[in-house]
Amino acid sequence: MRLPVIKHIVDFVDQNDEDWVVETIELLEHLAEAKGIKDEEMDVIGEILSNLYGSLEVVKQVKEGASRKDAMNDFMKRVTGSIN
């Protein structure tokens, strides 16, 4: 996951609608099931999905009253904590 990408997606949700991200996730998950998808392509799809899901988590926290900065920092702490 990359924080600059997540921030960019959160900006997109602010300007547009969260449903666009949800529908993109659905499309990428469907695409991942296609025959002939190579490992490298699956890695890219997985990375994009991780960033999209992370963005939705940040948006959720902001809707619950957290500042955008705090929501992003909290999310990245949880991700870092789960890796360690």
Side-chain angles (χ1 to χ4, degrees):
M1 285 188 202
R2 297 192 51 224
L3 194 57
V5 174
I6 291 173
K7 182 180 180 208
H8 195 73
I9 297 168
V10 170
D11 289 342
F12 178 85
V13 170
D14 286 344
Q15 296 171 8
N16 296 281
D17 193 319
E18 189 175 333
D19 290 340
W20 288 83
V21 175
V22 172
E23 290 172 359
T24 301
I25 289 170
E26 291 171 359
L27 174 63
L28 288 172
E29 287 177 343
H30 183 74
L31 181 62
E33 298 171 358
K35 291 182 179 179
I37 295 288
K38 298 176 185 174
D39 289 342
E40 305 88 37
E41 295 166 332
M42 283 300 294
D43 290 343
V44 171
I45 291 170
E47 182 66 23
I48 294 170
L49 284 169
S50 295
N51 288 310
L52 291 169
Y53 276 116
S55 300
L56 291 179
E57 285 294 316
V58 171
V59 168
K60 179 182 173 188
Q61 287 184 15
V62 170
K63 284 182 179 179
E64 292 173 350
S67 71
R68 179 184 288 200
K69 181 179 178 182
D70 289 342
M72 285 196 207
N73 286 336
D74 180 59
F75 176 75
M76 291 311 291
K77 284 179 188 175
R78 285 187 288 147
V79 170
T80 304
S82 69
I83 294 172
N84 293 332

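None of these values were measured; they are calculated from a predicted model.
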How far does [atom1] of [X] sit from [atom2] of [Y], to the nearest 0.5 angstrom?
X: Trp20; Y: Ile9; atom1: CH2; atom2: CD1; value: 14.5 Å
X: Met72; Y: Ile6; atom1: CE; atom2: CD1; value: 8.0 Å
X: Ser55; Y: Lys60; atom1: OG; atom2: NZ; value: 14.5 Å

Side-chain donor-acceptor pairs of residues 44-53 under 3.5 Å, sequence neighbours excluded:
| from | atom 1 | to | atom 2 | distance (Å) |
| --- | --- | --- | --- | --- |
| Glu47 | OE2 | Met1 | N | 3.3 |
| Ser50 | OG | Gly46 | O | 3.0 |
| Asn51 | OD1 | Arg2 | N | 3.0 |
| Asn51 | ND2 | Glu47 | O | 3.0 |
| Tyr53 | OH | Glu29 | OE2 | 2.5 |

Closest heavy-atom pair and its distance - Ala71, Val62: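 Looking at all heavy atoms of both residues, the closest pair is CB-CG2, 3.9 Å.
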Residue Asp43 excluded, over 12 heavy atoms near CG under 6.0 Å: yes
For Asp17, all residues meeting side-chain hydrogen bond (donor to acceptor under 3.5 Å, both in side chains), sequence neighbours excluded: none
All side-chain hydrogen bond (donor to acceptor under 3.5 Å, both in side chains) counterparts of Gln61, not counting sequence neighbours: Asp74
Qualifying residues under salt bridge (charged side-chain N to carboxylate O under 4.0 Å, His left out), relative to Lys38, sequence neighbours excluded: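 Applying salt bridge (charged side-chain N to carboxylate O under 4.0 Å, His left out) to Lys38 gives none.
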Residue list, salt bridge (charged side-chain N to carboxylate O under 4.0 Å, His left out) with Asp70, at least two apart or on another chain: none
Side chain to side chain contact (heavy atoms under 4.5 Å, CB included) partners of Val59, counting only residues at least two apart: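 Val59 satisfies side chain to side chain contact (heavy atoms under 4.5 Å, CB included) with Val10, Val13, Glu18, Lys63 once adjacent residues are dropped.
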